[in-house]
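Worksheet: one structure, shown below.
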Amino acid sequence: MNDRVRAFEGIHNFRDHGGYAARDGRLKQGVLWRSGQHGGATPADLAAVSELGIRTVIDLRGDSERQMMPCLRHDDFDGLVLFAPGETAGSELAPHEEAGRGITTADEARAAMTKLYVNMPFRDVLVRSLTLYFEALATRDGASLLHCLAGKDRTGLGVALLHRLLGVHEDDVMADYLLTNTAGDPQKRIAAAGGSIRERYGAQITDDAIVALVGVDAGYLHTATGSINDRFGSTEAYAEAMLGVDATRREALRERLIA
């Protein structure tokens with residue numbers, strides 16, 4: 001298993017997204033974590049997460065997702081949990097479930113996911129949530145955890161933005177994003193999400209379509225990046241205008257996160 005990935009029985013896609021070479025050094029490891037939601041975490045999972053010393057949790061899920069599946073946390077957790085009220089995904093659904101509406105084949109699933117990524121960087125509540133993330137990274141001590149329902153789309157976008165702002169090479173940005181397809185137990189994740197998607201939208205959805213919805217594809221992230229560049233010209237300009245990450249905040253991020 002990749003040494004960035006932590007295996008948990010009830011938490012999908014848990015991993016360290018530090019350690020990559022950046023413009024001024026290397027991202028610190030053990031301080032930047034990402035995952036899916038923790039509603040299925042076991043006591044052993046919670047104990048292991050507690051040992052990581054996470055001081056800030058940024059929850060990219062919407063209100064309805066938090067209500068349907070509250071995250072479990074260790075009894076000793078005394079950190080700060082941040083989120084913006086409202087819905088960060090359309091129709092009160094995670095992006096991969098939102099995309100499942102009306103599709104049958106893998107090609108249709110990939111097309112639906114790609115369409116969602118066009119506007120994902122501009123969803124108001126998600127933007128406000130990511131603003132909280134970058135503010136916390138620039139001002140708060142200790143490790144952080146960024147997560148959403150599956151920990152792959154909204155979380156993947158947030159991590160890619162951070163990596164780019166810190167000067168991580170684009171090959172590493174994409175490699176980290178694509179780790180979702182192999183991190184932890186993808187078959188378990190596919191089975192769990194497949195049941196939910198078929199319950200909502202019907203048994204006609206093929207297994208390959210479920211894989212396309214539950215995994216990630218380089219084209220998805222390229223689509224979001226293209227939308228950002230079309231509107232703002234660069235990640236830096238987008239982050240300053242939309243997320244409040246100006247030159248001063250970028251420098252604070254570098255000082256805290258790069259060794």
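On a predicted model such as this, the values are computed, not experimentally measured, just so you know.
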Report task. Using the side chain to side chain contact (heavy atoms under 4.5 Å, CB included) rule, take His74 and Val49 through it: C-alpha gap first, then chi angles, then the decisive distance, then the call. Result -> CA-CA 8 Å; His74 195 274; Val49 172; over 6 Å; no

Do [X] side-chain atoms and [Y] backbone N/O form a donor-acceptor pair below 3.5 Å?
X      : Y      : result
Tyr238 : Pro121 : yes
Glu65  : Gly62  : yes
Thr88  : Leu60  : yes
Thr206 : Thr104 : yes
Lys28  : Gly18  : no

Got [X] and [Y] here, is their nearest side-chain heavy-atom distance under 4.5 Å?
X      : Y      : result
Arg15  : Asp176 : yes
Thr225 : Arg164 : yes
Leu162 : Leu27  : no
Ile103 : Met113 : no
Leu166 : Arg254 : yes
Ser144 : Leu137 : yes
Arg55  : Asp141 : no
Glu240 : Arg249 : no

[X] to [Y] - nearest heavy-atom pair and separation:
X      : Y      : answer
Ala109 : Ala212 : CB-CB, 3.8 Å
Val173 : Ala160 : CG1-CB, 3.9 Å
Cys148 : Gly151 : SG-N, 3.3 Å
Phe8   : Ala48  : CE2-CB, 3.4 Å
Thr155 : Leu146 : CG2-O, 3.7 Å
Ala136 : Leu82  : CB-CD1, 3.8 Å

Same cluster or not: are [X] and [Y] linked, directly or through other Ile, Leu, Val, Met, Phe, Trp or Tyr residues, by side-chain heavy atoms under 4.5 angstrom apart?
X      : Y      : result
Met242 : Met120 : yes
Met69  : Leu46  : no
Ile11  : Val5   : no
Ile210 : Leu116 : yes
Phe122 : Leu161 : yes

Query raised in the report: What residues, two or more places apart in sequence or in another chain, satisfy side-chain contact (heavy atoms from CB on, under 4.5 Å) together with Leu52?
Result: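 Leu52: side-chain contact (heavy atoms from CB on, under 4.5 Å) contacts with Arg6, Phe14, Trp33, Ile54.
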
Working to the nearest 0.5 Å, report the span between [atom1] of [X] and [atom2] of [Y].
X      : Y      : atom1 : atom2 : result
Leu213 : Glu108 : CG    : CD    : 10.5 Å
Thr105 : Ile205 : OG1   : CD1   : 10.5 Å
Thr114 : Leu221 : OG1   : CG    : 11.0 Å
Leu243 : Arg128 : CG    : CZ    : 12.5 Å
Arg154 : Leu130 : CZ    : CG    : 10.5 Å
Leu145 : Ser35  : CG    : OG    : 4.5 Å

Report task. Under the side chain to side chain donor-acceptor pair (under 3.5 Å) rule, collect the residues that match up with Thr42, sequence neighbours excluded. Result ->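 Partners of Thr42 under the side chain to side chain donor-acceptor pair (under 3.5 Å) test: Asp45.
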
Requested in this report: Please step through side chain to side chain contact (heavy atoms under 4.5 Å, CB included) for the pair Arg250 and Glu236, ending with a clear verdict.
Outcome: CA-CA 9 Å; Arg250 289 197 300 272; Glu236 289 78 7; 4.2 Å; yes

Query raised in the report: For Val81 and Arg73, what are the C-alpha separation, side-chain angles and deciding distance, and is it a side chain to side chain contact (heavy atoms under 4.5 Å, CB included)?
Result: CA-CA 11 Å; Val81 179; Arg73 296 189 177 90; 3.7 Å; yes

Query raised in the report: If we ignore angles and hydrogens, is there a donor and acceptor under 3.5 Å between the side chains of Thr56 and Arg140?
Result: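 Present: a donor and an acceptor within the cut-off.
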
Query raised in the report: Taking it one step at a time, do Gln29 and Arg4 satisfy side chain to side chain contact (heavy atoms under 4.5 Å, CB included)?
Result: CA-CA 9 Å; Gln29 285 195 266; Arg4 299 180 187 279; 4.1 Å; yes

Query raised in the report: What pairs of residues pass the ring pair (Phe, Tyr, Trp, His ring centres under 6.0 Å) test when at least one of them lies in residues 133-167, not counting sequence neighbours?
Result: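 Output for this query lists His17-His163, Tyr20-His163, His38-His147.
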
Is [Y] paired with [X] through a side-chain N to carboxylate O contact shorter than 4.0 Å?
X      : Y      : value
Arg66  : Asp63  : yes
Asp16  : Arg34  : no
Asp217 : Arg110 : no

Query raised in the report: Within a reach of under 6.0 Å around CD of Glu9, are more than 12 heavy atoms found that belong to other residues, nucleotides or ligands?
Result: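 Result for CD/Glu9: open.
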
